[in-house]
Amino acid sequence: MRNFAYHRPTSLADAIDAASAQGADILAGGTTLVDLMKIGVREPDALVDITGLVDLEGYEIGSSRLRFGALARMAEVGDDKGLRAAAPVLAESLWKAASPQLRHAARLGGNILQRTRCPYFRDTAYTQCNKRAPGSGCAALDGGETKLHAILGGSDACVAMYPGDWAQALIAFDAEVMTQGPGGKRTIAFADLHVLPGETPEIETILQPGEIVTGITVPVIPALKASHYLKARDRESYAFATASAAVGVEMNGDTVVDVRIALGGVASVPWRAREAEDSLKGGPLTEDTARQAGHIAFAGAKALEGSAYKIKLGADVVAGALMTAKSRANGGQ
Amino acid sequence: MAQTINTAVTRTDAPRKVTGTATYAADVIPAGMLHGAMATSSIAVGTLTALDTSRAEAEPGVIAVFTHKTIPDFKSVKGFYSGGPGSASFWPMEGTEIRYAGQPIAYVVAETAAAARRGAHLIKASYDEKPSTIDMDPEASFIIGAAGDGKGMVTTKGDLAKGLAEAAQTVDVEYATPFQHHNPMEMFSATAEWRGDRLTVWMPSQSVRTLHAGIVAAYGLPATSVRVICPFVGGAFGAKAGITPYAMLTIAVAKAVGAPVRLIVTRPQMYTVATFRPQSLQKFRIGADAAGKLTAFEHIEISQTSQFDVVTNPGTHITRAMYACPNIHTEQRVSRSDTNSGGFMRAPNEMQTFFGLEQAMDELALKLGIDPVDMRRINDTRRHPVDDVPFSSRSLMQCYDAVSASFGWRDRNPAVGGMTDGDWLVGYGCATATYPTNILASNARVTMNAAGSALVELAAHDVGTGSYTIFAQIAAARLGLPVAACEVVMGEADLPVAPLAGGSCTAASAGSAVHNGCMRIGRAVAAQVAAQSEGPLSGVDPSQITLDDGVLRGPDGKSQTLIEALASTPTGAIEVVGEFRHPALTDKLIRTTFEGGYGTAGPVTPDFAMFAFGAEMAEVHIHRWTHEIRVPRLHGAFAAGTILNRKTAHSQLMGGMVWGIGSALHEVTETDLPRARFLNADLAEYLIPVNADVREVRVEMLDEKDDYVNPLGVKGIGELGIVGTAAAIANAVHHATGKRLRKLPIRISDLV
Amino acid sequence: MTQNSVPPKAGLSRRSFLGTSGAIGAALGLGAGKAAAQQGGPVAAVGERPKITLMVNGQRRTITVEPRTTLVEALRDNLGLTGTKIGCNQGQCGACTVLLDGRRVNSCLTLALAVDGSEVVTIEGLADPAGKLHPMQQAFAEHDAFQCGYCTPGQILSAIACIDEGHATDAVEIREYMSGNLCRCGAYPNIVAAVEAVRDSKEG
């Protein structure tokens, strides 16, 4: 790890100041950043440790909005019984991520900014990686192993996958991200936070230098209570999603009033499947319609070498998640 | 005290392991120690054209940077099984040639580990790169040893073509297994300290004497000038068996900088600086008559090897011993690609071959409409099918009977896809496990005093296997002492010769030396008390005095405890060296072990074939939506001769079965084909089972008596548990889904 | 933003198995390094080696670190507490698990400077001064919940936290909440048995 200057501001204003400097990275739980620094992928001149901003540690399960401080810990929030009851998808996508130790360290604001696990990005021995070294090429697309890469949202420059879980729940339920930076405060629709790789995969979000995520809110809607995060993975725990779905439904009798579907483990950014949602609204939710929605969700998918299975798997995971959500809408588990 | 054998004794080293006071190699911090780090090649094949070390040298805290040009006194070592699975014959940093990705190219010494690693990261290499390939090409394989006698590792018995023609059903199938890496939790490390011409090395090793012999030979030092120390090893599984370049580099660098140096190999580097389980292809052609009796058996194993070595793990020598068959053909082949040399990884001959064999038997049984367990029973044999000697003991079908009962095999619906549990498809599968009994020479020094304590010393290892505990148990049982009164000292090269901790040989071979040492104490003390003018055994013919449970007993029933007898001797204490030399061990084999090699007799001697056996049954669940594969139940019954400690043996077998789950469902070292690199070289992306993957694992250990293998009647159990697990799971997946998956690991992607 | 009703520090002392309070650090004047930060300036510039103070196993320890020094390096190399193991150095195996202000974390991903003033419990801090093992240590020994023993310090600390967090209600939950600690020897069923035994003895 390259050595660096270390700041530990106690006010948001000082934090923004320090983080605005060229070469500064913001440190919260460190579970992504310290790892990337160890393997030489990130080499900041300075770290701005914002964990001293204790005002950002709280969270609230409100009746109309759920509010999460950017420095709330994944473990505390994911294990919150109130959240598990009020918004299962938000709790499940937290506690099914990483490990207890990582969740105790990792903070929510950092979690949504988690970096890709693409091995070509992480191993600096590969000279080609447009995300790490813009313009250098893409080793994955240059004959590399792509069975774990994005089949949605990728570009000719980059097919790295967004690895997180919680973000799928947030995008599905219209979360908003509050930030503060040199230009002041702003509120960003979660769906606008991440940007597609396109020709500039090094740019992953719309956040500006020095702009710090301070909180995340989620409006409470009926579908949040009948929600589910289904994560398919090759080992039972402590594994990234092979495919996942964050879903929720609101039913009126046998008719779908509202439905939310987002996809994980398959896309370059958190991925909302709006057309799949639309296919279900106003109609019945059965295994058949759920499968149909799953297929629609992947209609635009582009399989890479070895990743065709993700299209079928992703559709099945969507369908399975919807059936659990429906059961929850009907008072089941 | 005989009851200490075959009982559940808590590990004697448990207090140290649960308090953090067990000293692993990298826990030793010699005064003034500096830290090392390696830079490794980013290309697989080519020539190093330039190495820019200036940025590394300028990094604060960095003391020195060594390259092939500047490293003084670096010695390559031709250690045990050199050029084979013990250690690679090609050594890095001897020149500019790059022969595999991740090959060490420079070594940085710094004041802190962080500075050393940063320095290594800053080294910039330029290469003249040549084309490379990492996956083996089975079409380009050749028979091992064919160049020597023109025949090589081939078995031919009877007439295979005739056997196939006579068969009512045949299978002709191929199974593929991937590169796998041992990934012991303890990272590789080496700490070297020179004091003048005296050298001390702390390094996790399965064979301190191999390392010691190699260093002594390389530097031309007197044996007494070199100490190799590792009382505790944080898992090895074959990865810490050989002499590695990173150790010899650290020794050379410590000498050059004049201070102790410790290198901790990074987890990603662990994938390239030592060995691994090579890729393999297992080709089977098997035929049976309508009653299920095998008429033809062909197994061709093709495994990956490096460009510079022929790594030999002859799995066909194990599979051919399993089932009776008049017509047998086997070939042991390798195919080269651009990697470091592979080596031993837990059950190196057996894991991948039994994934094939035991699925092929299942496939054939299903074709014949025969229950898979009955298929094994029909073809069980009392004699080795090729070497035609009897098995010293073989309780395979007793194992199947036991595991069938505990598992409820007969309750299953044999129809494919016939069982479900909610959203899960359910399948049952079974497979045979075996492991050869390796026999090696060993010594052990045993000291006893009349105060009632004993000391057992030998250059063996406890790599988590429980050796500290079972050696104390053996001494306690023979000498009539409490286990706690028997101290065991191991893990130092200058202790009495004991074999490498590999091939499941330690309990059987080193344990027998401990046993023989105790019996020698009995004979020596008996001679002394018989010669005394008074005492219960005075005047008795010493050859007629036996030692049993710490009691010396004459032919007329007169007896005296060993402690009392020892108290009556002038010194009140005795020290002997116990020796284990099985009749099947030739002088050459004994010498090999004494020189730091692996001189094993067996598993087939002129008199007997020696194998431990087991049977495993797996229940798998496959989720209808996520296609996840889980193993809620895994049962195994094993017969491996005498079980010394029912607690640690249970853990060994259970751990092996957990490895089997990993092999079946998780483990694969992915390859980047264009650049010939291992791709997922860390513990996040190289999946091994986590706690949640392991649910009910039941281990049954059957009583089995075997007087031939060694005086304790012990066979090996360290590797037996993994063999067969992957096939049992694959067979269960087939039972659940109808999909026959012939490639490891079996993943969600295979079941969608 | 409205704060949640469970402030982290309060939750801490409730969970801290040693029964020590999160307030002790403040009472002893820990966190000097934090206080030393200049308004707006760095706590440590590149190349500086500030002093930090940690309360390690109930003892106040002051050491000098680089900004990049991780907690596990500080424990092992600066303080000689080698009971905490490094298994991957990347937050992927859990061998380096310690309790940091009562929470289990991977000490290899924790910057020592960032936790200046914190309480740390390592494997060395579990047995009482007379050497009597912590119940979890005892249970691991009795249930043979390890083989090579290398992951064991981290497993034991994680297991203590698992129960204190309330994540040991049944075997399924224990398995899930102990999945951040890899054991290559495959001792998992025995680890679960040890956790259950300690949980049951607490309930009884």
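In what follows, chains carry the letters A, B, and so on, assigned in the order in which the sequence lines appear, proteins first and then strands, with residues in each chain numbered from 1.
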> Quick one: does any side-chain atom of C:E142 pair with a main-chain N or O of C:A139 as donor and acceptor, under 3.5 Å?
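Not a single qualifying donor-acceptor pair exists.
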> Can you spot which of C:V195, C:I123, C:L182, C:N181 makes a side chain to side chain contact (heavy atoms under 4.5 Å, CB included) with C:Q155?
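Exactly one option meets the side chain to side chain contact (heavy atoms under 4.5 Å, CB included) with C:Q155, and it is C:N181.
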> Counting heavy-atom pairs under 4.5 Å with chain C, which one of A:A72, A:A5, A:A46 comes out on top?
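The candidate making the most pairs under 4.5 Å is A:A5.
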> Sort out for me which of A:D17, A:D79, A:D35 touches chain C most, counting heavy-atom pairs under 4.5 Å.
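Top count of heavy-atom pairs under 4.5 Å with chain C: A:D79.
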> Picking from C:L111, C:T70, C:T69, which has the most non-hydrogen pairs under 4.5 angstrom with chain A?
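Looking at each of C:L111, C:T70, C:T69 in turn, C:L111 comes out on top.
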> Name the region of C:S158, side chain, backbone, both or neither, that has any atom closer than 4.5 Å to a heavy atom of chain A.
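For C:S158, the contact with chain A is made by the side chain alone.
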> So which part of A:L33 gets closer than 4.5 Å to some heavy atom of chain C, the side chain, the backbone, both or neither?
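It is neither, since no heavy atom gets under 4.5 Å.
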> Just by distance, do the side chain of C:D170 and the backbone of C:E173 share a donor-acceptor pair under 3.5 Å?
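Flag set: sc C:D170 to bb C:E173 pair under 3.5 Å.
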> Tell me, for C:C162 versus chain A, whether the close heavy atoms (under 4.5 Å) come from the side chain, the backbone, both or neither.
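Neither part, no heavy atoms under 4.5 Å.
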> Could you have a look at A:S99, A:P100, A:A15 and say which one has the most heavy-atom pairs with chain C under 4.5 angstrom?
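Between A:S99, A:P100, A:A15, the count favours A:P100.
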> Quick check: does any side chain N or O of C:N78 sit under 3.5 Å from a backbone N or O of C:T64, one acting as donor and the other as acceptor?
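Flag set: sc C:N78 to bb C:T64 pair under 3.5 Å.
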> Heavy-atom cut-off 4.5 Å, strictly under: side chain, backbone, both or neither for A:R2 against chain C?
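Just its backbone gets close to chain C.
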> Has the side chain of C:Y188 got a donor or acceptor atom that lies under 3.5 Å from a matching backbone atom of C:C183?
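Yes: the side chain of C:Y188 pairs with the backbone of C:C183.
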> Would you say CZ of C:R49 has more than 12 non-hydrogen atoms from neighbouring residues, nucleotides or ligands within 6.0 angstrom?
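No, not enclosed.
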> Please determine which of A:F173, A:W95, A:F68, A:Y229 meets the ring pair (Phe, Tyr, Trp, His ring centres under 6.0 Å) test together with A:W166.
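When A:F173, A:W95, A:F68, A:Y229 are each tested with A:W166, the ring pair (Phe, Tyr, Trp, His ring centres under 6.0 Å) holds only for A:F68.
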> Considering only heavy atoms, which portion of C:T110 lies under 4.5 Å from any heavy atom of chain A: side chain, backbone, both, or neither?
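Looking at C:T110, nothing touches chain A.
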> Less than 4.5 Å to any heavy atom of chain A: does that hold for the side chain of C:C93, its backbone, both, or neither?
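Only the backbone of C:C93 comes within 4.5 Å of chain A.
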> Taking every heavy-atom pair that is under 4.5 Å apart, which of C:A45, C:P50, C:G47 has the most such pairs with chain A?
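Most heavy-atom pairs within the cutoff with chain A belong to C:A45.
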> Does any backbone or side-chain atom of C:E48 lie under 4.5 Å from a heavy atom of chain A? Answer side chain, backbone, both or neither.
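Looking at C:E48, nothing touches chain A.
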> Answer whether the closest heavy-atom distance between the side chains of C:N89 and A:K38 falls below 4.5 Å.
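Side-chain contact under 4.5 Å: yes.
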